[in-house]
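Since the structure comes first, as structure tokens, the remarks are kept for the end.
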Amino acid sequence: MNAFAFKGAGRQAVMEPERAVAEAEGLPRAELYSGRLPERTLWHMRFRASVHRLETLIRRHRASISDEAGLEPLFCAFTLLLRIDFPLRQLLTALPAEPGPLRVSGLIGALGNLGFYPADARPDNHLMQTREPFLFLPSGGGAEVVFHCPETGTLERLHADGRIEEVKSARDLAKGKCWTFALKSESHPLSAVRRSHTGHSWFRALLAKFGRVGFGLVITSMAIAVTSVMLPLFTIQIYLHVISLGSLDPLPAFIVGMGLTVALEAVLLTKRTRILAWVANRIEYLVSISSFERILKIRPSLSERAAVTDQAARLRTFENIRDFITGTAATSLLEIPVSILATFVIAVLAGWLAVIPVLGICAHLALFFLLRREARIRTSIAADESTEMQRITIETLEKRDAIRQSGLQHLWSGRMIESARRQQAAQLSLRTLGSAAEALSMFVLTTCTVFVLCFGTLEVWSGIVGTGGLLAIVILTLRALSPYHVLCLSLQRFEQLRNSIDQLNTLMEVAPERDEEREYTQIRSIEGAVSFLNVGFRSRDTRPVFVGLDIEISQGDVVAITGANGTGKSTILKLVQGMSDLSIGTIRIDGIDMRQLPQEDLRRRISYVPQQPKLFPGSLRDNLLLADPLASEEKLRSALRTAGLLEDIEALPDGLDHPCSESASGDVPSEFLFKFAIAQAILVNGNLFLIDEIPNMLLDGEVGEVVRNLIRSYRNRGTVLFVSHRSDFLDLADRVVALRYGKVPVISTPERLLARAA
């Protein structure tokens, strides 16, 4: 390796090896060319200089990094040794947001955010032979990066202070912990690649991560089973040695024994409850963040197609899973060892009487599976009706003003009443089925108990079983049947769980927008040339919005898009950004089919002013840095000055650090929002500038003047596509695309188009 390249934003230059050595060690260049320095020493110098420069760049643009020395050098070393071209912006966003020096947990998390799955490793000879770098945390010492030197092949260890030492043998790594890092797409148990080999669904693969915890639950449940049968056995002994003999002398010992048994069972039950609570909370965390991350990563056209209530239902999926794990349904499954052991003890005590609880268990299972299909149907209907009721409620709140203005209150109320009636009918049907399952299960439980009492009494008269034995058998019968009784009572829970898991697996199987296995054409910069080749777009009901759009837009052109509402003006801007899927045709960016480009990287390089600007929680500075995390203070001020906002923001008490609440977008004037969005678009500094439709009342004021100046300044140096239907803005364009619903757009100059309209 002759040099370390810093690619991406802020890393365009390649460090010259001699200059890197001089900067790192302060050696005269004559010393470098003398040939007296070994290749290993030269490589160490270059590597340390590269790490130092990358750390400097990160500290310069990451305000949350503390001046206190942390593991930032090791993070930089990893990013260089992993031999993947990470843009500086991606490195910055991978680091923890909390202020302070980088610690081991933060380093592991940052590498995980870059797409590398951490795994514990043993410091043995096999680990030392691996070619990938790994993290070593010695006992009582600071973290180190262990790697193979590309020049000599020797195993080296890099300390956080920059020192590099050679690792002689595995003994040097014996006392400490090691973590290896591999691409998630290859090694992560939840990745599609890994699951294609195991054949597991996403949720099944998630449960596999809790294998050791599951084994602990089984062992705990078996211990509970043993303690649960001890109390009935104590009952037999009390009848034999206390009641039958009429002596109270053994009673204190039995009481102490029973007390210890109850205490032991209580401890085991508490332990099992805590394990279940931990598993539920951990699964809740993993499911919620994974599902939310997947919704953000799938193609925008798919995520926007689903209703808000459907998206919310997906995010609430983990609630049903959590409630199931911490509820009686999961406990009933864990009580199966108790049931098996109790039935076995009954067989030992009374022989054939064990047939009665066995038949009771079979009856409960038959009842469960017979009613499960009907429960599945009714649960699905109830879920659909609840979702529809939520959708109507949200729609009512969003359109309440329009409903009042149109005088539709009585019609809308009737619609809500009908939806509520269907929802309640579906819920009633589901509850009726649950009540039926509960009644039938209780009938089976009661019948089995009566049969045990009746036939057990005959066994007592025959002298086969004692009175204490009969009482113990009744208790054991109830313990044997209780899990299956709870199983029938939890019929609805099982169906809710199944639906939630099916929805979760379906969501996680949706392909993300960026396919990690696919090779994309890398984007360095966008010149601004855009080609529409026979482009068409269809609405959700498959009707064509527009067809046959053919236009070549060169760098420096200004193109206006106009048309009536619903003709696809904003859609064209979304198509250029990859936010909507093409129905027909091809769009090329700088001569490259945009489907061959990574869509996220493409959007980062396009300046865009949306139709409905938003502010995110944080400060105004934070919102600006979303457009360009590397922007300097002067660059931020310049963008605000161009957008006409600098004086307004400087007048605020905190200036750029003025906080924005979650409802900030609704609390500030629309003029401020659009100017701020223009400033963000300017910070992106893209050669392709997209401006969606801006309300007329704003175009008549300062916002309109800012947009005019912006279009004029971008002419001949950057491409501008803007949406408008105002003639004074159409005059600013070189060409105008006039959209007509379901037809081929008209492409003309502003003069001809306005003359034709006149």
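Predicted model only: the values in this text are computed from it and were never measured.
In terms of modelled atom types and a separation under 3.5 Å, the side chain of Asn113 and the main chain of Ala94 share a donor-acceptor contact. Side chain of Ser638 to backbone of Glu634: no donor-acceptor contact under 3.5 angstrom is found. Using a distance-only test at 3.5 Å, with no hydrogens or angles considered, a donor-acceptor pair links the side chain of Ser583 to the main chain of Arg538. Checking side-chain atoms of Gln599 against main-chain N and O of Leu597 turns up a donor-acceptor pair under 3.5 Å. In terms of modelled atom types and a separation under 3.5 Å, the side chain of Lys569 and the main chain of Ala564 share a donor-acceptor contact. Using modelled atom types, one side-chain atom of Gln577 and one backbone atom of Leu573 make a donor-acceptor pair closer than 3.5 Å. Judged by distance alone, the side chain of Arg605 and the main-chain N or O of Asp601 form a donor-acceptor pair under 3.5 Å. Of the possible polar contacts, none joining the Asn709 side chain to the Val706 backbone as a donor-acceptor pair under 3.5 Å is found. Arg48 places no side-chain N or O within donor-acceptor distance of the main-chain N or O of His52, the cut-off being under 3.5 Å.
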### Task
Show your working on side-chain contact (heavy atoms from CB on, under 4.5 Å) between Ile649 and Leu640 and close with a plain yes or no.
CA-CA 9 Å; Ile649 290 181; Leu640 291 172; 3.6 Å; yes

### Query
Hey, mind stepping through Arg588 and Thr586 against side-chain contact (heavy atoms from CB on, under 4.5 Å) and telling me if it holds?
CA-CA 6 Å; Arg588 293 177 180 170; Thr586 302; 4.1 Å; yes

#### Entry: Trace of the salt bridge (Lys or Arg N to Asp or Glu O under 4.0 Å) decision for Arg621 with Asp657
CA-CA 6 Å; Arg621 185 190 304 276; Asp657 296 317; 3.0 Å; yes

### Task
Begin from the C-alpha positions of Arg53 and Thr56 and carry the test side-chain contact (heavy atoms from CB on, under 4.5 Å) through to its verdict.
CA-CA 5 Å; Arg53 182 173 180 183; Thr56 302; 5.5 Å; no

### Task
Show your reasoning for whether side-chain contact (heavy atoms from CB on, under 4.5 Å) applies to Phe674 and Ile694.
CA-CA 8 Å; Phe674 275 96; Ile694 299 175; 3.8 Å; yes

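We find the CD1-CD distance between Ile747 and Glu552 to be 10.0 Å, quoted to the nearest 0.5 Å. Here NZ of Lys635 is found 4.0 Å from CG of Asp628. Values are rounded to the nearest 0.5 Å. With rounding to the nearest 0.5 angstrom, the OG atom of Ser291 is 7.0 Å from the CE atom of Met508. Considering CG of Leu602 and CD of Gln596, their distance stands at 12.5 Å, rounded to 0.5 Å. From Arg595, atom CZ reaches atom CG of Asp581 across 9.5 Å, with rounding to the nearest 0.5 Å. With rounding to the nearest 0.5 Å, the separation of OG1 in Thr567 from NE2 in His725 is 11.5 Å.
Closest approach of Gly528 and Asp590 over heavy atoms only: N-OD1, 3.1 Å. The shortest heavy-atom contact between Arg603 and Gly578 is NH1-O, 3.4 Å. Closest non-hydrogen pair, Ile553 versus Phe532, comes out as CD1-CE1, 4.0 Å. Here the shortest heavy-atom pairing between Leu54 and Thr79 reads CD2-OG1, 3.4 Å. Residues Asp734 and Pro750 come closest through the heavy atom pair O-CD, 3.7 Å. When all heavy atoms of Pro610 and Asp692 are compared, the closest pair comes out as C-CB, 3.9 Å.
Within 6.0 Å of atom CD in Glu647, 12 or fewer heavy atoms from other residues, nucleotides or ligands are found, so the atom counts as exposed in its surroundings. Around the CZ atom of Arg294, the shell of radius 6.0 Å holds more than 12 heavy atoms that belong to other residues, nucleotides or ligands.
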Contacts under 3.5 angstrom, residues 726-733 side chains, donor-acceptor by atom type, not counting sequence neighbours:
unit_1 : atom_1 : unit_2 : atom_2 : d
Arg726 : NE     : Asp728 : OD1    : 3.3
Arg726 : NH1    : Asp700 : OD1    : 2.7
Arg726 : NH2    : Asp700 : OD1    : 3.0
Arg726 : NH2    : Asp728 : OD2    : 2.9
Asp728 : OD2    : Arg708 : NH2    : 2.9

Check: residues 680-690 side-chain donor-acceptor pairs under 3.5 Å, at least two apart:
unit_1 : atom_1 : unit_2 : atom_2 : d
Gln680 : NE2    : Asn623 : O      : 2.9
Asn687 : ND2    : Ile526 : O      : 2.8

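With contacts defined as side-chain heavy-atom distances shorter than 4.5 Å, the pair Phe616/Cys660 does not qualify. Taking 4.5 Å as the limit, some side-chain heavy atom of Leu582 sits within range of a side-chain heavy atom of Ile587. The side-chain heavy atoms of Val737 and Leu549, taken from C-beta on, include a pair separated by under 4.5 Å. Side chains of Phe676 and Val609 form no contact here, defined as non-hydrogen atoms less than 4.5 Å apart. Looking at Ile589 and Val576, their side chains come closer than 4.5 Å, going by heavy atoms from C-beta outward. Side-chain atoms of Ile551 and Arg735, non-hydrogen and from C-beta on, do get closer than 4.5 Å to each other. Contact annotation: the side chain of Asp654 never approaches that of Leu620 to less than 4.5 Å [non-hydrogen atoms, C-beta and beyond]. Taking 4.5 Å as the limit, every side-chain heavy atom of Val535 sits out of range of all side-chain heavy atoms of Val547.
For the ring-ring contact (aromatic ring centres under 6.0 Å, His included) criterion with Phe181, the lone passing option out of Phe147, Phe75, Phe116, Phe78 is Phe78.
Annotation: cation-pi geometry satisfied between Arg717 and Tyr714 (NZ/CZ under 6.0 angstrom from ring centroid, within 45° of ring axis).
For the 3.5 Å distance criterion, the side chains of Thr719 and Gln555 fail to qualify, holding no donor opposite an acceptor.
Electrostatic pairing of Glu633 and Arg637 does not count as a salt bridge here, judged by no charged N lying under 4.0 Å from a carboxylate O.
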